[in-house]
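Here's the structure we're looking at; comments come further down.
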2 protein chains.
Amino acid sequence: MLDIAEEAGYRPNRLARGLRRARTGLIGVVVPGIEGQFYARVLEGIEKALQDVDHRVLLTVSRGEQEHELVESLLDMQVDGLIVASEDDGPEFYETLLARGVPLVFIDREVPGLHADLVATDHFAGGALLGEHLRERGFRKPAFLSMTDRPRPIGCIEDRWCGFRSVYRNASLLHHPFMGSVKRYLRERPDAPKPETFSELCLAALRGALEPFQGFPFDAVFAQYDHFALAMIHFLRSHGIRVPEEVGVVGFDDHDFTEYAEPSLTTIRQPLLEIGL
Amino acid sequence: MLDIAEEAGYRPNRLARGLRRARTGLIGVVVPGIEGQFYARVLEGIEKALQDVDHRVLLTVSRGEQEHELVESLLDMQVDGLIVASEDDGPEFYETLLARGVPLVFIDREVPGLHADLVATDHFAGGALLGEHLRERGFRKPAFLSMTDRPRPIGCIEDRWCGFRSVYRNASLLHHPFMGSVKRYLRERPDAPKPETFSELCLAALRGALEPFQGFPFDAVFAQYDHFALAMIHFLRSHGIRVPEEVGVVGFDDHDFTEYAEPSLTTIRQPLLEIGL
DNA sequence: GTGAAAGCGCTAACAC
DNA sequence: GTGTTAGCGCTTTCAC
């Protein structure tokens, strides 16, 4: 006797199949967080692409803490591959994995010192694009507003900065950037009202960044996160500055309310197939 | 001889363990999409809660199409439970699963006709809260702006509407709601410029909704999605209306730039433990 | 072609 | 306690 439609409703146990075939159809994904629109979008793209090839996403959110541990746990679950937006600052851990033959693709951020597959926007090009955007509109003293408190800015921000500066340098226009470590404000002012939401935090950070200046020593702002750009717009407007007539503001690939550089999403799929899944 | 630290770096195969113990530590999650901030947040909350109890999220995005199929595929993977934001409009499918004993929790939306565990914001209370917010600020002719094109509005919107109306009815204030099926605009106007982004779509929808009116026959707007509320604010401002001085705008639990009703996130964890994982 | 057998890596049960 | 065994559900192999 044969299948006979397998008792009219048989569904194979993919777990057992996975064990036997040593291929689970699972792809582990590690992202720092999905509250920001950027990773949410990327994740949505990844899920779509994987669904199309009948794979499933095993999602973990590292929240800047447990990246390695989570990666290990995904490997324990025998994922067929890993997609990681890493916050790691050394190549050792992932080098070990690569040496083990683990299929590994990084997204958004490069791991310093590691030579591996990476899918990310061209931050340099994006920075240059936005620089041109501002220059074309006649802005002459743009500010470059980042929000990191690391000793060195992370690579992608550095790249945007270089791209951005290249435009204003080539045109020999005055540029007045400040790469303020604006989160510092909060640490140095425990007395300030504690920001409850990210929007409030942005505003507090802005206040801190602008405190040393008289008025607004710029006519445009390139904010490294669009959420931050929105806060800036709000801040400027609340000080009676018209946007974008008096001060232009651009952000970067994080949010869909502001100017943006690239979609960065459609490129996700390619390397997955490339890597052989 | 014993473990001897199990060859100094042994990691059990969770797949095999899952097969043997009939418990994988996987929870299947089905959401319609994660580009909107709402489900992204909920997902982040779910992932956190599950991480805390050493479970993993098997994520699928239904995109309004393949809900049942995705659920089946998650069950094939032997998930220990399912968390579903269902767009189903009948109880049959999930009744079968419940009868099978599948641990099932619904989030955000109730499945019509189905009696099952549900975690969601209290939309009635939220609607009432926002109604009071507007009433306290002296707005007398609020508009209730939904964006559905279904024959009947989905339950949660209906609930918000009832909660909202209860406030304005009790106070015997004039109310001027319109539940416009605003997406229609796009279908009826193929000549209009095709919106590329969701923001543009919102604007187009707004134009459609307001077309029948002269000016603005309301002094406040309760938008059902915060993204939509932002579009409204933009729209009003571009017509020279001051917000919120002339027209007040509130949205609902979707976005962190506007007023909001509840967090809706912290409640996610409870029923997961409740259901026994 | 159809059928039987072995084994993926683990753990629960039962032995010593 | 320490060791052995059987079997979770599937697929691959090998035999018929």
All pairs passing ring pair (Phe, Tyr, Trp, His ring centres under 6.0 Å) where residues 14-37 of chain A contributes a residue, at least two apart: none
Ionic contact status for B:Arg56 with A:Asp76, cut-off 4.0 Å: no
Roughly how many Å is it from CG in A:Leu15 to P in C:dG7, rounded to a whole number? 21 Å
Rounded to whole angstroms, how far apart are CZ on B:Arg11 and C1' on C:dG9? 16 Å
Mind calculating the distance between CD (B:Gln78) and P (C:dC10) to the nearest angstrom? 18 Å
D:dC10 P sits how many Å from B:Met77 CE, rounded? 13 Å
Salt-bridge contact B:Glu72-B:Arg100 (side-chain N to carboxylate O under 4.0 Å): yes
With respect to the phosphate group of C:dA12, does any side-chain polar atom (N or O) of B:Arg21 fall under 4.0 Å of OP1 or OP2? yes
Over how many whole Å does the gap from B:Asn13 atom CG to D:dC10 atom C1' extend? 14 Å
Let me know the distance between CZ of A:Arg14 and C1' of D:dT11, rounded to the nearest Å. 13 Å
Closest to the side chain of A:Arg17, out of D:dC10, D:dG7, C:dC8, is D:dC10
Would you please test A:Glu67 and A:Tyr94 for side-chain hydrogen bond (donor to acceptor under 3.5 Å, both in side chains) and show each step? CA-CA 11 Å; A:Glu67 188 177 313; A:Tyr94 290 106; 2.5 Å; yes
For the pair made of CZ in A:Arg20 and P in D:dC8, what is the distance, rounded to whole Å? 16 Å
What is the distance, to the nearest angstrom, from the CG atom on B:Leu19 to the P atom on C:dG7? 17 Å
